[in-house]
Amino acid sequence: MLLVLLLVPSVALVSLWGLATYELGSEYREQSVQHDLKTTVGPLNAALFNSLERERRLTQEVLASPRASRTALIRQRTVTDRALRAFEPLTSADTRDGQRGLAAAISRAVRVTGRLAQERRAVDAGTADADRAFAYYTEAIEAGTGVFAAISHGANGEVTGLSEVLFDLNGVVDMIGREDAVLARGWASGRLSAEDYDLVIDAIGTHEYLLESRVVPNLSAEESRLYTAMTRSEAWKTRVALEERLQAADGDGIALSPARARQWRTATDGSLARLEQLIGVHSQVSNAAGAAAVQELRLYLYATAALGLLAVTLVVLVTWRLTTLLRRRILAVHGQAQDLEQRLPHVVARLEQGEDVDVDAEVPELSPAPDEFGQLSRALNLASRTAVHTAVRQAEQHRGFERLLQRIARRTQLLIGLQLKKLDQLERRHEDPQVLEGLFDLDHLTARLRRYEENLVILAGGQPRRRWRRPVPLLDVLRAAQGEVQDYRRIEIDVEGRPWISERAVGPLIHILAELMENATAFSKPPAPVEIKATPVSRGIAVEIEDRGLGMEAEQYEAANALMQAPPQMDVMTRADDVRLGLYVVARLSKTLGLQVELRPSAFGGTRVIVLVPQDLVAERPRSVPDAAGGPSPNDAAPLPPQHRHAGPRPADGPRRADGPDGLPVRSRGQAMADVTAQAPAPAGPPDPQTGPVPLPRRTRQASLVAELRAPVPPDPTAAPAPPGAPARSGATIGAFQRQSRKNRAGARPPAPGTDQPEPLTTEDRG
C-alpha cells in the first residue's frame with residue numbers, strides 16, 4: 001500500500017512531465033525542420049521561378065518576331081538550367097516533419113520542368129506556337145507558386161502570416177510577368193488580340209488586388225517605406241500609366257507602337273527590380289522570425305524540461321521521505337502484531353494439548369504511541385486478548401465434549417464386547433441352522449456397530465483400543481475387514497503370496513479396509529462384485545479395492561485425495577451432516593500409520609482405491625508358525641488358482657486373538673458364514689489317529705454366487721432328491737460343520753513348548 005502511495009503520484013507526475021516534454025520536443029523538432037526547409041527550398045524555388053518568368057517573356061518575343069535576337073533567350077536558358085539543377089535534389093529531401101504538401105509540390109515542379117527541354121526544342125524547331133509555349137511556361141511557374149504556397153504554411157502562426165505575405169508578393173511578380181509575356185508578343189506584332197487583352201486585364205486586376213488587399217496591410221514599417229518608395233518611383237508610375245491606358249482602350253485589336261514597347265520594357269524591368277528588393281527584405285524578416293520562434297521554443301523546451309525534472313525530483317523525494325516515516329511506524333505495529341501472531345498458534349496448540357493458559361502472561365499489554373498508530377496497536381492488542389479468551393473457552397468446551405464422547409463410546413464398546421461374548425457362547429451352544437443363522441446375523445451387526453463406535457472415538461481424537469502382540473497374515477486382515485461389511489458376500493479377495501502385517505498395524509488397517517469396502521459396496525449396485533487385490537510391491541504392499549458403481553467427478557477425486565494427504569483437525573459436531581465421515585476416519589488412521597491412500601476412476605466406471613502399506617508395516621512370517629493344514633511353508637508352496645486361492649480350511653471355532661481389549665474372544669460371523677455357506681457336508685466320524693484331525697469340509701463351486709450368476713450344473717443321478725421346501729443352507733451342512741469342528745478341537749495336539757502360534761483374527765479384531 002505504501003509502495004502504491006509512493007508510485008502513483010510519482011509515476012503520474014513523471015508521466016505528465018514526460019508527455020509535456022515530448023510534446024514540446026515534437027513541436028520544436030517540427031518547427032525547426034520547417035524553418036530549415038523554408039530557408040533551403042525558398043531561395044532555390046525563387047531562383048527557378050524568376051528564371052522561368054524571364055524565359056517565358058523572351059520565348060514569347062522570339063516566337064512573335066523571327067527577327068528578334070535569340071542571344072538573350074539562350075543566356076536565360078543557361079540560367080534556368082542552372083537553377084533547375086539546383087532545385088531537382090530537393091525531391092530526396094526529408095519532409096516527414098516539414099510543411100504539409102511540400103513533398104507533393106516539389107515533385108510536381110520537378111515533373112513539369114522535366115518537359116522543359118522538349119518544349120524548347122519545339123520552340124526552336126518552330127513546331128510550337130506562342131500559345132503553346134505560354135501555356136507550358138505558365139504551368140511550370142504555377143508549380144513553383146505551389147511550392148511557395150506549401151512552405152508558407154507552418155506550425156508557427158506568426159511565421160505563417162509572414163510567409164503568406166511573401167507568397168502574395170511572388171504572386172504579384174507572377175501576374176506582372178504574365179502581363180509582360182503577353183504584351184511582349186503584342187509589341188513585336190504591333191497589335192494585341194482580344195484574348196491577349198483579356199489576359200492582360202486579368203493580370204493587372206489580380207496584382208493590384210494582391211498588393212492593396214493582401215500585401216500592404218501586413219507590411220512592417222520598414223517594408224512600408226520600401227513599398228512607398230517603389231510606388232513613387234518613375235518606373236512604377238510609367239508602368240501603371242501604361243496599364244491604365246490599356247484598361248481604358250477598347251479590347252479589340254489594340255495597336256501597340258514600338259515607342260510604347262521601349263517605354264514599357266524600361267518601366268517593367270524597374271518595377272520588377274523594386275518588387276524583388278521588397279521580396280528580399282520581407283524574406284529576411286520572415287526567416288528571422290522563424291529562427292527566433294525556433295530559438296524561443298528550444299529555450300522553452302529546455303526550461304520546461306529542467307523545471308519539470310526538478311519538480312518531479314522534489315515530489316519523489318518528499319513522497320519517499322513520508323513513505324519511509326509511515327513504513328517505520330507501520331513496521332513497528334507490524335512487529336507487535338507479528339509477535340502476537342507467533343504467540344497465538346502456540347497458545348492454541350497448548351490448548352489443544354490440554355494445557356492451561358494464562359491470557360495475561362501469553363498476550364501482554366502493548367505500549368502504543370499516542371497517535372493513530374497507537375490507537376491501532378491498542379485495538380490489535382484488545383482483539384488478540386479477546387481471541388485468546390475465546391480460544392481458551394472453545395478449547396475447554398471441545399475437550400470436554402471429546403472426553404464425554406469418548407467415555408460414552410468406550411462404555412458402548414464394553415457393552416458391545418459383552419454382547420459379542422454372549423453371541424459366541426450361543427453359537428457354540430446351538431446347532432440348529434436357523435438359530436445359527438440368526439446368531440450369525442446378530443454377530444455381524446454387532447461387529448459393524450463396534451466399528452461405528454470406534455469411528456466416534458477416532459473422530460473425537462482417540463485411537464482404537466484393539467491391539468495385537470504378533471504379526472497377522474494379510475489374508476486374515478482382509479477377511480476380518482470383509483466380515484464387518486454389510487454386503488460382504490459381494491466382496492472377492494485375491495492376495496498374491498502370503499504377506500504378513502505387523503502387529504501394530506493390524507487393528508487400524510482392518511478398520512481402514514472395512515470402511516473402504518463398506519463404501520465400495522454401498523456405492524455400487526448389487527450383484528456387481530467388489531474386487532480386493534493385494535500385491536507386494538517395491539515399497540510395501542498395495543491393496544486395491546475396486547467397485548463398479550457410478551464413480552465420482554474429477555473434482556471430487558481431487559478433494560478426496562487432498563483429504564487423504566492432509567486430514568483436518570476434526571470437530572465431530574461440525575461434521576455431523578457430512579456423508580464423508582468414513583473418509584475422515586480413513587484419513588486420520590492412514591496419517592497415523594503412514595499409509596498412502598489414493599482414489600482413482602475405475603475402468604468399470606466406479607472407483608478404485610489404492611492403499612499402500614509401507615514396508616515397515618510388513619512383517620515376515622514367523623518361522624515357528626506352520627503352514628495352513630500342516631502344509632509346506634509359503635516359500636515352498638505353489639500359488640493356488642484364483643477361484644480356490646482363499647478357500648482353504650480354517651478351524652471351526654474361528655481364528656481367535658489371544659487377548660482382546662475387552663478380554664472377549666468371539667468368532668467372526670463374516671468369516672464363519674462365508675465358509676459355512678460355501679462348504680459341502682463332510683462325513684462325520686472320529687479323526688484318524690494316523691493322519692491327525694480331519695480337515696473341514698471343502699468349499700463347493702458357485703455356492704457363494706447368487707442364482708442369476710450360477711452356471712447350470714448337471715444333476716447327480718446318485719444323489720437323493722431334496723425334500724420339498726429344503727432350506728438353501730441345510731441343517732446337515734451346519735451340523736456337519738459344528739461336529740467336525742468339535743472333533744478337530746478335541747483331537748488337536750497342543751503345540752510343543754517354545755513354539756509360537758499365529759494370532760488368528762476374530763470379529764472383535766476386525767476394524
Exercise. Quick one: pull up CG in Leu314 and CG in Leu309 and give me the separation to the nearest 0.5 Å.
Key: 9.5 Å

Quiz prompt | All pairs passing salt bridge (charged side-chain N to carboxylate O under 4.0 Å, His left out) where residues 123-134 contributes a residue, at least two apart | solution = Arg70-Asp124, Arg77-Asp124, Glu119-Arg132, Asp131-Arg185

Quiz item: CH2/Trp17 to CG/Leu307 distance, rounded to the nearest 0.5 angstrom?
Solution: 11.5 Å

Quiz item: Is a side-chain donor-acceptor pair under 3.5 Å present for Arg239 with Ser271?
Solution: yes

N/O donor-acceptor pairs under 3.5 Å from side chains in residues 97-109, not counting sequence neighbours:
residue	atom	partner	partner atom	Å
Asp97	OD2	Arg29	NE	3.4
Gln99	NE2	Gln34	O	3.1
Ser107	OG	Ala103	O	2.9

Quiz item: Is there side-chain contact between Arg120 and Glu55, with heavy atoms separated by less than 4.5 Å?
Solution: yes

Exercise. With rounding to the nearest 0.5 Å, note down the distance linking CG in Leu48 to CZ in Arg85.
Key: 12.0 Å

Quiz item: Passes ring-ring contact (aromatic ring centres under 6.0 Å, His included), Tyr300 versus Tyr28? Steps please.
Solution: CA-CA 9 Å; Tyr300 182 69; Tyr28 166 73; over 10 Å; no

Self-check item: Separation of Phe167 CZ from Thr160 OG1 (nearest 0.5 Å)
Solution: 13.5 Å

Quiz item: CG/Asn156 to CD/Gln31 distance, rounded to the nearest 0.5 angstrom?
Solution: 4.5 Å

Practice problem: Could you tell me the separation between the OG1 atom of Thr206 and the CD1 atom of Ile176, rounded to the nearest 0.5 Å? | Solution: 11.0 Å

Quiz item: With a 3.5 Å cut-off and no angle check, do the side chains of Asp81 and Thr78 form a donor-acceptor pair?
Solution: no

Exercise. Quick one: which residue pairs count as a side chain to side chain donor-acceptor pair (under 3.5 Å) with a foot in residues 44-54, not counting sequence neighbours?
Key: Glu53-Arg56, Arg54-Glu276

